[in-house]
Protein chains: 2
Amino acid sequence: MKINPRSHIPIYLQIAEGIREAVAAGVYLIDEPLPSLRALALEIQVNPNTVQRAYDELAREGLIYSKRGRGLFVAEQGEESAQSVAQQTIAEQAVQNAFQEGIRAGRAAGMTLKQLRSLFSASLDESTKQETKA
Amino acid sequence: MKINPRSHIPIYLQIAEGIREAVAAGVYLIDEPLPSLRALALEIQVNPNTVQRAYDELAREGLIYSKRGRGLFVAEQGEESAQSVAQQTIAEQAVQNAFQEGIRAGRAAGMTLKQLRSLFSASLDESTKQETKA
DNA sequence: ACTACTGCATTAGATGACTAATGCACTAAG
DNA sequence: CTTAGTGCATTAGTCATCTAATGCAGTAGT
């Protein structure tokens, strides 16, 4: 798993995404153990609490479950859930943060919801254009 | 001007919006003085620095200009800018920048356009909710 | 010059998000 | 029972954002 400590995206969200992708890819199977807090923390050179927070996030999503003293495991609906939601929740946080920042700025500037929606569509068009010239 | 100190929207942005609306409504005319920092601060029961920050924001947008020792004044393009474009040019860029950042992050994570639109709607709901609480 | 107003700069306090340090409680193998 | 592993709770440190306290510097009327 690759972690960028200098990213503006919080480490715990990067970790969560990494696990989510791995589960979706079938690296960890249902009811099989995930890397322990300390093991993963050691691997990516971060505090176990940060890994814990990532696992908390995934547990809140129902992707995994934990047994005290045992370890962390992929939940029943974990794999499919990870596949469908997959890379949605890392962004669900990061993307929504960006969106809300824009919304906040817009509303503070007196924009209506309609205007904001219009701007979003325009932004979407802009982005999809640029995508083809890569 | 109505200010909600308990809103999640920073006070200085609320003030900026209030001034912007007033300028757009023709309450303050071109090259006419705006309320002084302290006067406005006293009126809405807030620190002059907070008002200053609001005026800084508007000055950065080109809506107003300041003369040290004299006061703050509506810029030439201030009124029209506030009416038609203002909330749709400078602010538009800021908003679109935020949106596109979110879109970029989302697409990098493999999201579809549909998912992005859904997330945007969710963000919009979130933002409008928090606006009314207390 | 004095005075009373301006905007502005510097500094500090309050709050929230993120990460780390440390220790507790539980489980299982020996 | 001891031990080495587990997850988890508590606390603290760091950083950015927002707001306030205070003082400086410019302008104009008297």
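A note on names: the letters A, B, ... follow the listed sequences, proteins ahead of strands, and every chain is numbered from 1.
Going from atom CZ of A:Phe73 over to atom C1' of D:dG7 covers 10 Å, rounded to whole Å. As rounded to whole Å, 14 Å separates atom P of D:dT27 from atom CG of B:Leu72. Whole-Å rounding puts the B:Asp56 CG to C:dG7 P distance at 11 Å. When the P atom of D:dT27 is taken as reference, atom CZ of B:Arg38 falls 15 Å away, rounded to whole Å. Counting to the nearest Å, the P atom of D:dG26 and the CZ atom of B:Arg68 are 6 Å from each other. Atoms CD (A:Gln100) and C1' (D:dT17) sit 17 Å apart, rounded to a whole Å. At whole-Å resolution of the value, CG in B:Leu37 and P in D:dG26 are 17 Å apart. Rounded to an integer number of Å, the gap from CD1 of B:Ile44 to P of D:dT19 is 10 Å.
Residue pairs meeting the side-chain hydrogen bond (donor to acceptor under 3.5 Å, both in side chains) criterion with at least one partner in residues 31-42 of chain B, sequence neighbours excluded, are B:Asp31-B:Tyr65. For residues 42-59 of chain B, the pairs satisfying salt bridge (charged side-chain N to carboxylate O under 4.0 Å, His left out) are B:Glu57-B:Arg60, with sequence neighbours left out.
Considering only side-chain N and O atoms, A:Gln52 lies under 4.0 angstrom from the phosphate OP1 or OP2 of D:dC8. Look at A:Ser66 and you'll find a side-chain N or O under 4.0 angstrom from OP1 or OP2 of D:dC8. Between A:Ser36 and D:dT6, a side-chain N or O to OP1/OP2 separation shorter than 4.0 Å is present.
Applying the side chain to side chain contact (heavy atoms under 4.5 Å, CB included) rule to B:Thr50 yields the partners B:Ile11, B:Tyr12, B:Ile15, B:Val46, B:Asn47; only residues at least two apart in sequence or on another chain are considered. With sequence neighbours excluded, the residues forming a side chain to side chain contact (heavy atoms under 4.5 Å, CB included) with B:Ala59 are B:Ile64, listed by chain and number. B:Arg117 meets the side chain to side chain contact (heavy atoms under 4.5 Å, CB included) test with A:Phe120, A:Leu124, B:Leu113; sequence neighbours excluded. When the side chain to side chain contact (heavy atoms under 4.5 Å, CB included) test is applied to A:Leu42, no partner is found at least two apart in sequence or on another chain.
B:Phe73 and B:Leu63 fall into different hydrophobic clusters, where Ile, Leu, Val, Met, Phe, Trp and Tyr are joined by side-chain heavy atoms under 4.5 Å apart, directly or via other members.
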Scan nucleotides 28-30 of chain C against the protein and return all N/O pairs shorter than 3.5 Å with their distances rounded to 0.1 Å.
none

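Heavy atoms only, all atoms of each residue included: A:Ala16 and A:Leu58 are closest at O-CD2, 3.8 Å.
Within the 4.5 Å cutoff, the side chain of A:Ile19 has heavy atoms near those of the A:Met1 side chain.
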**OP:** Report, as a single string ordered 5' to 3', how protein heavy atoms within less than 4.0 Å touch nucleotides 14-22 of chain C: B base, S sugar-phosphate only, - not at all.
**Re:** ----BBBBB
